[in-house]
Amino acid sequence: MADHDGEGAAGLESVSDPVGGEVSAPAAIVPEDGGAPSGGRRPKWLVPVVVAVVVAVVVVAGLVGWHVVESRRHDAALDSCSQAVKALKGKTGSDRLAGYRQAAGIKADQVKDAKTVVAMARSVKDAEGIRQQTIRCKASMSTGDLNATAGQARKIDGKYVAVARAAKAVIASRDAKALEDARAALDGKKEEASRLLADSDGKVADNATRDGLQQAIGQAGQVKGDKAKAYRDAVGALQAAIDQVNASVQAKSQADQQAAAQAQASQQASQRSGSPQRKSATSSNRRKGYTQSRPTTGQHGGGGGGSAPSTQHSGGFNLQDYPNLWNQLQQGHEGPAIDNQGNCIADCYGWTGSN
């Protein structure tokens with residue numbers, strides 16, 4: 001048993017100890033399929049494949065990075081464009097445009113400072129007119145287009161800033177003139193009302209209208225502030241009170257005219273009612289003034305009329321001397337009215353006085 005151990009040890013020593021002091025190489029591992037040992041040369045295709053993979057990874061990473069960066073740039077351009085368009089819309093909305101058009105329509109004679117009208121016209125021309133803007137920013141647009149659109153919106157926005165500033169100035173100038181004119185109009189209307197109040201004393205049908213005018217004058221004197229409407233309202237109230245007083249004056253004038261006409265009509269009616277008595281007295285005087293004799297039937301061959309009688313008036317006149325009077329008497333007229341001195345006072349028919 002000891003012998004076998006010795007032989008084994010000797011065998012191991014012979015295997016482990018290199019011959020002649022040389023270092024022995026490790027044992028090669030032989031694959032089971034009988035291929036070449038694992039410690040041989042690498043395949044030629046391995047390096048290109050590795051390089052290609054690395055390049056592909058780098059390219060993909062670059063593309064991904066570029067896409068991320070470009071996406072961020074696009075998002076920033078879209079956000080910038082949207083903000084620029086939003087600011088422009090705020091200055092070109094329907095209400096704003098209506099205000100600009102109103103300001104652009106103000107004339108030089110409507111403002112206190114005509115330079116504001118010139119500045120307004122210049123700003124509108126620079127903005128190429130007052131109109132709704134149609135600039136839009138879309139996500140489908142490229143980054144360059146978005147940046148260009150944003151720049152265009154900012155440029156137009158700046159022009160409408162000038163339009164808004166000019167419109168504000170021209171409207172302020174218009175309001176200043178309106179206030180000045182309203183104050184002057186109220187002062188003039190107060191003077192007119194005061195004159196009417198003094199002139200209408202005792203000339204109105206209803207004195208309450210004068211009281212209303214006095215109250216309106218007092219209220220107009222209390223108007224203050226920088227709002228033209230307050231002064232215009234006071235002018236309107238004064239004018240209404242003035243109209244009421246004038247109407248009352250006219251009503252009294254018409255009433256006075258009617259009263260005078262009625263008095264005149266009554267006087268004329270009274271005069272007409274006394275005329276029959278005067279006519280009766282006149283006829284009585286006429287009959288006393290002369291005596292008429294009837295013509296003899298058959299004289300001058302008969303006929304419808306007779307010749308004038310030769311009867312004389314007790315006062316001494318001959319009726320035949322007045323043929324016109326006789327003809328009138330033949331036609332049925334009553335004859336002249338003669339006073340007790342023989343003078344004709346009515347229906348004389350050629351009578352010229354006592355004979």
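Start at 1 with the first residue, then count along the sequence. What you see below is based on every heavy atom in this structure, not just the backbone, and it leaves out hydrogens, waters and symmetry mates.
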TODO: Would you sort out whether Gln239 and Asp243 count as a side chain to side chain contact (heavy atoms under 4.5 Å, CB included), showing the intermediate values?
DONE: CA-CA 6 Å; Gln239 186 61 56; Asp243 292 341; 2.9 Å; yes
TODO: For the residue pair Ser142 and Asp145, confirm or rule out a side-chain donor-acceptor distance under 3.5 Å.
DONE: yes
Open item on the list: For Arg183, is there an ion pair with Glu180 - N to carboxylate O distance below 4.0 angstrom?
Closed with: no
Open item on the list: Please determine whether side chain to side chain contact (heavy atoms under 4.5 Å, CB included) holds for the pair Tyr160 and Gln133, giving the CA-CA distance in whole Å, both sets of side-chain angles, and the decisive distance to 0.1 Å.
Closed with: CA-CA 11 Å; Tyr160 273 93; Gln133 299 299 317; 3.4 Å; yes
Open item on the list: Could you check whether Asp79 and Gln83, counting side-chain N and O atoms only, form a donor-acceptor pair closer than 3.5 Å?
Closed with: yes
Open item on the list: Please give me the minimum heavy-atom distance between Ala220 and Leu238, naming the atom from each residue.
Closed with: CB-CD1, 3.8 Å
TODO: Look at Arg122 together with Asp126 and state whether they make a salt bridge at an N to O cut-off of under 4.0 Å.
DONE: no
Task: Pair Lys177 + Asp181, salt bridge at N-O below 4.0 Å - done: yes
TODO: Using the side chain to side chain contact (heavy atoms under 4.5 Å, CB included) rule, pick out the option among Asp175, Val111, Val118 that qualifies with Val170.
DONE: Val111
TODO: Among Leu213, Ile217, Asp199, find the one that has a side chain to side chain contact (heavy atoms under 4.5 Å, CB included) with Ser194.
DONE: Ile217
Task: Side chain to side chain, Lys189 and Ile242, heavy atoms closer than 4.5 Å - done: yes
TODO: To the nearest 0.5 Å, tell me how far Cys137 SG sits from Asn147 CG.
DONE: 10.0 Å
Open item on the list: Between Gln215 and Asp211, do the side chains contain a donor N or O and an acceptor N or O under 3.5 Å apart?
Closed with: no
